[in-house]
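Working notes for the structure below.
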Amino acid sequence: MLSQREIFYQHVAQTSKNPMGLTIERAEGCYLYSPEGKKYLDLISGTSVSNVGHNNRYVINAIKQQLDKHMHISVYGEMIQSAQVLLTQKLVAILPEQLNSVYYVNSGSEAVEGALKLAKRYTGRRKIVALKNAYHGGTHGALSLTSSAEHIKAFAPLLPNITLIEINNIDDLKNIDEDTACVIIEPVQGEAGVVKANDQYLNELRKTCSQKGALLIFDEIQSGMGRTGKWFYFQHSGIVPDILLTAKALGGGMPLGAFISSQEIMDSLTHEPVLGHITTFGGHPVCCAAASAAIDVIENEKLIESVKEKSDFFYEFFADNPLVTEVRRSGLLIALQMESAELAIKTCNSCVKHGIIVDNFLFNESAIRIAPPLTISIQEIETACDSMQEIMYKV
Ligand code: PMP
């Protein structure tokens, strides 16, 4: 009989030749546990998902209560489902007035697809401006926004009419013109290794989009739901995007995404053609119940208020470490830039062996990702930093 590990490697489709390959049986708070009871401190939150910690009891109870009422009953948008309505009420309450129409989908990539379609349909334009080194997802439309030559080569032809510009390069904004349907940006580029758009750039970008009639899309799939110290990063900057994307932590551990805009813009998906975006499971009631509960947890436990102190601890601990050339961060989305990819990868591998889960970034192999659940305590951070530092010096 094949072992679980053998079935995983032979029959569960792989995304790389060297997956982390840990067997995890249960998870709670900031920890994952192997069947033998080995404990791993999760410093990446399943890639910025578990903001309220793993298996949060409040979220689980909300899921159980929803399960007793109903699971899927209808394709997205046809029936009034209280779990969806309650979540929407909570989301629009934490967002500015103009972001008042929420379209629920299943994933980050689907939120990107929906937003690109919405921008094309609303403006009647076809050109899309995206940023170099961004990551917006793995589906064809989202992948079309990549600057990774390897991905383009492997999967071309992708969407036409994509123009890539550089982050924080104001001169590059001249590429936004009257043909541009939208500009899509991660205000904090996650997979580039936590690279932030500065305030001056964001202000100029907002101004240019408004002048040219292009919609501004903020992909906050990784930076959202409190991770940067506000519900969404744009709330630090004072500007408001036309379309906001969220997923990952939105569902409190369940799969859920959304693209959020104004009623006026969103209305264009209802006609010519009717059903401009269709999704069967988008806004699944169990996921929405979990998402509502996760928002309650973030509010009740004052997790957003705790982000700065926790982020500062990581920053101050590693700022003077000679092996770390730079600490880039936005709240609890942190990159420890190392001198080489080799050192970063060795450190990550050794950390995992020693029970601390960290990894590097898709487009920056020489930086170490730290994005713990927002529920992590200062004590846990201190222990993790001490162990990581010791490991770094050893490898
Ligand atoms: N946008 C950003 C900024 C992301 O970080 C990701 C996932 N890493 C996505 C989009 C795609 O999300 P998903 O994997 O849920 O499709």
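We count ligands from 1, going down the list as the structure has it; atoms in each ligand are counted the same way.
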### Message
For the OH atom on Y9, are there more than 12 heavy atoms of other groups (residues, nucleotides or ligands in this structure) within a distance under 6.0 Å?
### Response
yes
## Note on the structure
Interatomic distance, CD1@I217 vs SG@C182, rounded to 0.5 Å, equals 4.0 Å
### Message
Over 60° means perpendicular and under 30° means parallel, so tell me whether Y233 and H236 are parallel, tilted or perpendicular.
### Response
tilted
#### Entry: Top protein contact for atom 1 (N) of ligand 1, by heavy-atom distance
D219 OD2, 2.7 Å
### Message
Please determine whether any non-hydrogen atom of T47 lies less than 4.0 Å from an atom of ligand 1.
### Response
no
### Polar contact flag for G108 and ligand 1 (N/O pairs, less than 3.5 Å)
yes
### Query
Once the angle between the rings of F313 and F317 is folded into 0 to 90°, is it parallel (under 30°), tilted (30 to 60°) or perpendicular (over 60°)?
parallel
#### Entry: E110, portion touching ligand 1 at heavy-atom distance under 4.0 Å
neither
### Query
If you count the atoms of ligand 1 from 1 in the order shown, which ones are under 4.0 Å from a heavy atom of I221?
1 (N), 2 (C), 4 (C), 6 (C), 9 (C), 10 (C)
### Query
For atom 5 (O) of ligand 1, what is the nearest protein heavy atom, given as residue, atom name and distance?
Q222 NE2, 2.8 Å
### Query
Taking a hydrophobic cluster as the set of Ile, Leu, Val, Met, Phe, Trp and Tyr residues connected by side-chain heavy atoms closer than 4.5 Å, whether directly or through intermediates, do F361 and L143 fall within one such cluster?
no
### Within reach of ligand 1, part of E186 (heavy-atom separation under 4.0 Å)
side chain
### Query
Considering only heavy atoms, does S109 approach ligand 1 within less than 4.0 Å through its side chain, its backbone, both, or neither?
both
### Task
Taking only Lys NZ, Arg NE, NH1 and NH2, and the carboxylate oxygens of Asp or Glu, determine whether D242 and R206 approach each other closer than 4.0 Å.
yes
### Task
Check the side chains of E264 and Y122 for a donor-acceptor pair under 3.5 angstrom, ignoring hydrogens and angles.
yes
### Task
Identify the protein heavy atom lying closest to atom 2 (C) of ligand 1, giving its residue, its atom name and the separation to 0.1 Å.
Y135 O, 3.3 Å
### Task
Indicate yes or no: does an N/O atom of K248 lie under 3.5 Å from an N/O atom of ligand 1?
yes
